[in-house]
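What follows is one structure encoded as structure tokens, with my remarks underneath.
In what follows, every chain begins at residue 1, and chains take the letters A, B, ... in the order their sequences are listed. These values consider heavy atoms only, across backbone and side chains, with no hydrogens, waters or symmetry-generated copies.
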Amino acid sequence: MPVYNSDVAEVFNRVAALLEIEGANEYRVRAYRDGARTVSTLSRDVSEMVDEGEDLTELSGIGENLADKIEEIVKTGGLAQLRELEQRTPPELVEILDIAGLGPKRVQIIHQELGVTSLDELQEAAEEGRIRELHGLGEKTEEKIREDVARWNAADNRTRRDLAEDMVEPLLDFLRDLDDVVEAEPAGSYRRKKETIGDLDILATSEAGARVISEFVDYEDVEEVVSEGETRATVIFRSGLHVDLRVVAEGSYGAALLYFTGSKDHNISLRSLALDAGLKINEYGVWEKAADSSEPTQIAGEAEREIYSLFDLEWIPPELREDRGELDAARDGDLPDLVTVDDICGDLQTHTTSSDGRASLEEMAEAAQALGWEYIAITDHSGYVGVTQGLDADALEEWIDEIQRLDEKLNDITLLRGIEVDVLEDGSLDLPDGVLEKLDLVICAVHSHFDLPRPQQTERLIRTMDNPNCHILAHPTGRRIGGRAGLELDMERLMEAAVERGCFVELNAQPDRLDLNDVYCRMAKERGLKVAISTDAHSVEEMRFMRFGVYQARRGWLEPQDVLNTRSWDDLHQLIER
DNA sequence: GCCGTTTTCGGCCCGACTGTTTTCAGTCG
């Protein structure tokens, strides 16, 4: 049975959680989590590295011990250590760690004293008033546990970026309008442009923190105040979104923004650099210890750029701050010149009323002009998936003529004759080559048979790319954020096959797709595989989704030259012709 | 458990807030 990077990471994360509950050394626990992260963001299959006898200790955070364990997991499909841990400590306790306010110590006490081993039992114990009997826990903690278990059972607790945007903007307006607030900016994963956010971090500068906090907790969207101090408050919005506000003085703005933007791992690495230089970084600034034992003096803090430069680092865009090599790159002057929406010249996947879109060809063309695109590919569906009411070969022939007629009338924009053609179970396409050859752009997409085994699924898509008419693989994994998991694919192999055949992959900008994800974008870049960022717009409004795709691309280290549609149509045409 | 042009042992980021305490442990980000 093949072992994937995600399997190895899962084993390490479980080991870490169980060790943590058992009270193991926190740095040992962290070592397993670091190892899990390293493996899961690797742009190669770790099992392949094992097969080829490569030295895994070259990987950051992987030493002799973890290297041996990776090998064991790859070769046997499991880890003896994890099995032993699960003998000693009920594995279901791991999910109790996710309950707010319950860390390893309390989980251990609740388990040992009350025999609780699962979320259900935890809920029961809380409802029966047994939690409050325990040493160090009381009535309030018990109440919070009850509420959080209910919330945890209720739903998926991450919020999609586009939905978060709708809440963030009004909140920022509200804060910026307060007399005491100088600046208010989103930080955290929102600023790092992650596809989903767990909670929302907002940073404000003010000399009157307590007043700002007290206005904030009265904001109209706030349903519950979780904590409230002089400089920080945590609230829960009616939508269920957790929002943290931190207030600092202006002189600490850069340090605070850096700190609250994270990621946690990026911060830890940066602080280690500071320690090496004999300095200390906290959310208020960078501090130098005085020779005598008097108070340390602040030597930076107003701006992020100044703090990075103190350590001979270029300013690092928030999207890169995941501790995936960006600090080394910043030191060596090798940071990517990340793609922006302004670099994009056109949209390579859009739909009209000719299949399942809601706007006409004319309306889409007009909207594309308004956005300043040089070209737009009209890529309605082929007929295989009944619900999309797609085009068969004859209808497509007529449609091609219609697009061409409109294109000839328009001066400022080029309409590309395209199709989003279905990939059938065997990898062949849903339309004959004869008609595909007449198109400017053929993007191939899986809309059925999502659950083929990994080798078969991978072969299926490689066969699709064998067809010289195939230009781009649309939404390659088919995942839906908060919905479908996506195809099982050997992505490394698929990308290599794409490069060999002169095919390309899409980064679909629909906010519930964002497929490819950031890690796969970077994998593509490292293999010289260019990526098309397309909105897959089914309406005029959705053509504005381009920014979400660009955010994801930036998280994947993509530069303008790594993206297909930063080129004029003439250049792009030459590139995709096979 | 990892890591090292100061170290192969002894470090490992750092502060706010809460709740249950009587001075602080646990949790969180």
Check your understanding: Contacts to DNA chain B from residues 181-194 of chain A, heavy-atom cutoff under 4.0 Å, which residues?
Key -> none
Review point. Touch check for A:Ala274, heavy atoms < 4.0 angstrom, all strands: base, sugar-phosphate only, or nothing?
Key: nothing
Review point. What nucleotide, of B:dC14, B:dT27, B:dG1, holds the atom closest to the side chain of A:Gln81?
Key: B:dG1
Check your understanding: Can you find an N or O donor on one side and an acceptor on the other, under 3.5 Å apart, linking the side chain of A:Tyr259 with the base of B:dG15?
Key -> no
**Study point:** Between A:Thr117 and A:Glu121, a side-chain donor and acceptor under 3.5 Å
**Key:** yes
Exercise for review: May I ask you to say what A:Leu134 touches in the nucleic acid, namely base, sugar-phosphate or nothing, with a heavy-atom cut-off under 4.0 Å?
Suggested key: nothing
Practice item. Kindly confirm or rule out a cation-pi arrangement of A:Arg513 over A:Phe545, judged by NZ or CZ under 6.0 Å from the six-membered ring centre and within 45° of its axis? Key: no
Review point. Does the pair A:Arg246 and A:Tyr259 meet the rule for a side-chain hydrogen bond (donor to acceptor under 3.5 Å, both in side chains), with working shown?
Key: CA-CA 11 Å; A:Arg246 340 259 180 149; A:Tyr259 179 73; over 6 Å; no
Exercise for review: Check every strand shown and say whether A:Asn65 touches a base, only sugar-phosphate, or nothing at a heavy-atom separation below 4.0 Å.
Suggested key: sugar-phosphate
Check your understanding: Just by distance, with hydrogens left out, do A:Asp180 and A:Ser206 show a side-chain donor and acceptor under 3.5 Å apart?
Key -> no
Check your understanding: Base, sugar-phosphate, or nothing for A:Leu275, non-hydrogen atoms under 4.0 angstrom?
Key -> sugar-phosphate
Practice item. Output the residues of residues 302-314 of chain A in contact with DNA chain B, where contact means a heavy atom of the residue under 4.0 Å from an atom of the strand; sort by number or write none. Key: none
